[in-house]
Amino acid sequence: MSKRKVSNLDLYTLPMSEVVRLLKPWQLGALLELEPYRQFTDILLSNMMDYFLANELYEYCVIIRDEIESRK
């Protein structure tokens, strides 16, 4: 994987297949720490969870679940 600046990644427009290709689960978790607490982000997290569950990417599901729980 080539080096990328986190500021260049936009989770709102990046396809989930690219997220999996570019980021390891722990890297996604670190990136989610930078996301603001707002309703649109909650929707994004829900959609990400659906995608990762459907594709049996359980390591990513754990990261998303933990992020959702930390935002409650």
Check your understanding: Same cluster for Tyr58 and Ile68 if Ile/Leu/Val/Met/Phe/Trp/Tyr side chains link at under 4.5 Å?
Key -> yes
Revision key, fill the gap. Taking every heavy atom of Arg65 against every heavy atom of Met49, the minimum-distance pair comes out as N-CE, 3.5 Å
Exercise for review: Work out which heavy atom in Leu11 is nearest to a heavy atom in Met16; give both atom names and the distance.
Suggested key: O-CE, 4.2 Å
Study note, to complete from the structure: Rounding to 0.5 Å, atoms CG (Leu57) and CE (Met48) come to a distance of 11.0 Å
Check your understanding: If you round to the nearest 0.5 Å, how far is CD of Glu33 from CG of Leu28?
Key -> 10.5 Å
Practice item. Mind checking salt bridge (Lys or Arg N to Asp or Glu O under 4.0 Å) for Arg71 and listing every partner two or more places apart, or none if nothing turns up? Key: Glu67
Practice item. Taking side-chain contact (heavy atoms from CB on, under 4.5 Å) as the test, write out the residues that go with Leu14, two or more places apart. Key: Leu9, Glu18, Val19, Leu22
Check your understanding: Between Pro25 and Ile63, which heavy-atom pair has the shortest distance, and what is it?
Key -> O-CG1, 3.5 Å
Exercise for review: With sequence neighbours left out, write down each residue that passes salt bridge (Lys or Arg N to Asp or Glu O under 4.0 Å) with Glu56, or none if nothing qualifies.
Suggested key: none
Review point. Does the Thr41 side chain pair with the main chain of Pro36, one donor and one acceptor, at a distance under 3.5 Å?
Key: yes
**Study point:** Spacing of CG belonging to Asn55 relative to OH belonging to Tyr60, to within rounding of 0.5 Å
**Key:** 11.5 Å
Review point. Tell me the ring pair (Phe, Tyr, Trp, His ring centres under 6.0 Å) pairs involving residues 32-51, sequence neighbours left out?
Key: Tyr12-Phe40
Check your understanding: Which value, rounded to the nearest 0.5 Å, describes the distance between Glu69 atom CD and Lys72 atom NZ?
Key -> 4.0 Å
Check your understanding: Linking I/L/V/M/F/W/Y whenever their side-chain heavy atoms sit closer than 4.5 Å, directly or via other members, would Ile64 and Leu53 fall into one cluster?
Key -> yes
Study note, to complete from the structure: Across all chains, not counting sequence neighbours, the side-chain hydrogen bond (donor to acceptor under 3.5 Å, both in side chains) partners of Thr13 are Asp10
